[in-house]
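Ligands are counted one by one from 1 in listed order, and the atoms in each one are counted from 1 as well. These numbers were taken from a predicted model, which means no experiment stands behind them.
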Amino acid sequence: MSRILVNGGHRLSGCVKIHGAKNAVLPILAATVMAEGVHTIHNCPKLSDVSVTCEILEKLGAHITRDGDTLVVDTTGEMESFIPESLMRKLRSSVIFLGAVLTRKKEAKISAPGGCELGPRPIDLHIKALRELGADIKEEHGYLICRADNLYGKDIHLDIPSVGATENIMLAACNADGVTTIKNAACEPEIEDLANFLNSMGACVSGAGTSTVTIVGKQELKASEHKVMPDRIVATTYLCAAAATGGEIDVLDVCPEHLSAVLAVLSDCGCRIIKGKDRVMLKAPQILKSPAAIKTMPYPGFPTDAQSLFLAMLTKSDGTTMITETIFESRYKAAGELLRMGAKISINGRVALVKGVNKLSGACVSAQDLRGGAALVIAALAADGKTVINSPEFIYRGYENLEENLQRLGADIVYEG
Ligand code: EPU
């Protein structure tokens, strides 16, 4: 059984380079299906979620080679339109293949997607929007069977600014006659990155990164080359780890603008922050101040993916913080494990109250989802003594070279296989 062992109490100091964004690379890889040819995607981190996406692409008929952080995806020739349940279940973002495969094949058969258990994660908005564009979607024996001989551009209003639904509509709308306008679209930077890739393929997408995205369909698409944006949540993880240990860190290869919401809270916590063009430097105080309240919101608000990271970091702050999770119901799984380390957290529905303590003590804990797992690493680095983190495979869905990077920053952390 694999685990991560951490001897806590070391102040982190130094610099770390941030890899490409998981949540940008996954839809971009799916989009390669839409145009025949050889696509070159740079800055693709080695993550288990990326490997599963490549497995799905290979199942569909693509040939993939990796050279460092560059993936070359050859989608020339006949491709399949069926993705088996075993692969779909491994990954939430597998649902993005629906829009991509429909565009290429005019049909797709996929099962309901998997991913981290963060409460109910329906795909009703994806299905409703694709039907509005003219897709015929039937649900049979746990599979979605979709046909789209002709799609027609429409105005689509999303009830919730869903990241995945916005991306799926963008992909399908590339194959629709006329203009599709997505209102109340998600504004996350990963959507802008996907739009940039689609436009480099010849698509016509405008407004990505705002709440109104417009797609002019039926452009001729060709294979393309793209560099994936930096991972803002991985950057946040290292910033929180440094802050939790009273450290000093220089986070490189990031887009500071994407980090505005988390940097504002870190600054409220007493951290000194200097932003450069593509780097952020943080110097933590000896004791973090409580920022009083944090509420997760769609971008540009405070990201739900950073919530557990701050929950862990604030366990050792001076004061009480009220955290409200508005996006996913079950995103406090790390709290139970943090209690084992001496944290004082009470949860009531979507609200967590974190009362800062003077010290955390190492314990045996288990990761239960990706960001919750990373939160346990942060707490372990700040705790006295030894922490054992079981089920680290959740963490490797989203972090490349985590232990090596933290070791270079002065942490005592090892992976035991
Ligand atoms: N929702 C619906 N119906 C839908 C789609 C979404 O009700 O058809 C709800 C969800 O249940 C949730 C809310 O809308 O309550 C937002 O979900 P969204 O669709 O925006 O999330 P997602 O596309 O499934 C992506 C990221 C998540 C990140 C969220 C929010 C990827 C692969 N995943 O998920 O990242 O938390 O957006 O920003 O892009 C992670 O990296 O650990 C992760 C979970």
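Using modelled atom types, no side-chain atom of Thr70 and backbone atom of Arg66 make a donor-acceptor pair closer than 3.5 Å.
Counting only N and O atoms by type, the side chains of Glu337 and Ser366 include no donor and acceptor under 3.5 Å apart. Side-chain contact annotation: Glu107 with Ser81, donor-acceptor N/O pair under 3.5 Å present. Inspection of the Ser224 and His39 side chains reveals no N or O donor paired with an N or O acceptor under 3.5 Å.
Atoms of ligand 1 found under 4.0 Å from any heavy atom of Arg371, numbered from 1 in the order shown, are 40 (C), 41 (O), 42 (O). Those atoms of ligand 1 with a heavy atom of Lys22 less than 4.0 angstrom away are 40 (C), 41 (O). Taking every heavy atom of Gly164 and a limit of under 4.0 angstrom, the matching atoms of ligand 1 come to 19 (O), 23 (O).
Nearest-residue assignment for atom 36 (O) of ligand 1 (options Asp305, Leu370, Ile233; heavy-atom criterion): Asp305.
Contacts with ligand 1 closer than 4.0 Å are made by no heavy atom of Glu329, backbone or side chain. For Tyr299, no heavy-atom contact with ligand 1 is shorter than 4.0 Å. The proximity of Val163 to ligand 1, defined as any non-hydrogen pair under 4.0 Å, involves the side chain as well as the backbone.
Across all non-hydrogen atoms, the minimal contact from Tyr238 to Leu409 is CD2-CD1, 4.1 Å. The two residues Ala380 and Thr387 come nearest to each other via the heavy atoms CB-CB, 3.6 Å.
For the pair Pro122 and ligand 1, the shortest N or O to N or O distance falls below 3.5 Å. Between Ile327 and ligand 1, a contact under 3.5 Å exists for at least one N or O pair. Residue Phe328 has no nitrogen or oxygen atom sitting less than 3.5 Å from a nitrogen or oxygen atom of ligand 1, judged on distance alone. The N/O atoms of Glu167, backbone and side chain alike, include none that comes under 3.5 Å of an N/O atom in ligand 1. Geometrically, ligand 1 and Thr304 share no nitrogen or oxygen pair separated by less than 3.5 Å.
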Trace of the salt bridge (Lys or Arg N to Asp or Glu O under 4.0 Å) decision for Asp369 with Arg371
CA-CA 6 Å; Asp369 60 52; Arg371 306 302 171 191; over 6 Å; no
Can Asp231 and Lys22 be said to form a salt bridge (Lys or Arg N to Asp or Glu O under 4.0 Å), step by step?
CA-CA 7 Å; Asp231 197 311; Lys22 167 181 83 75; over 6 Å; no
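Look at Arg331 and you'll find a heavy atom under 4.0 Å from some atom of ligand 1.
For Phe97 and Phe82, the gap between ring centers reaches or exceeds 6.0 Å.
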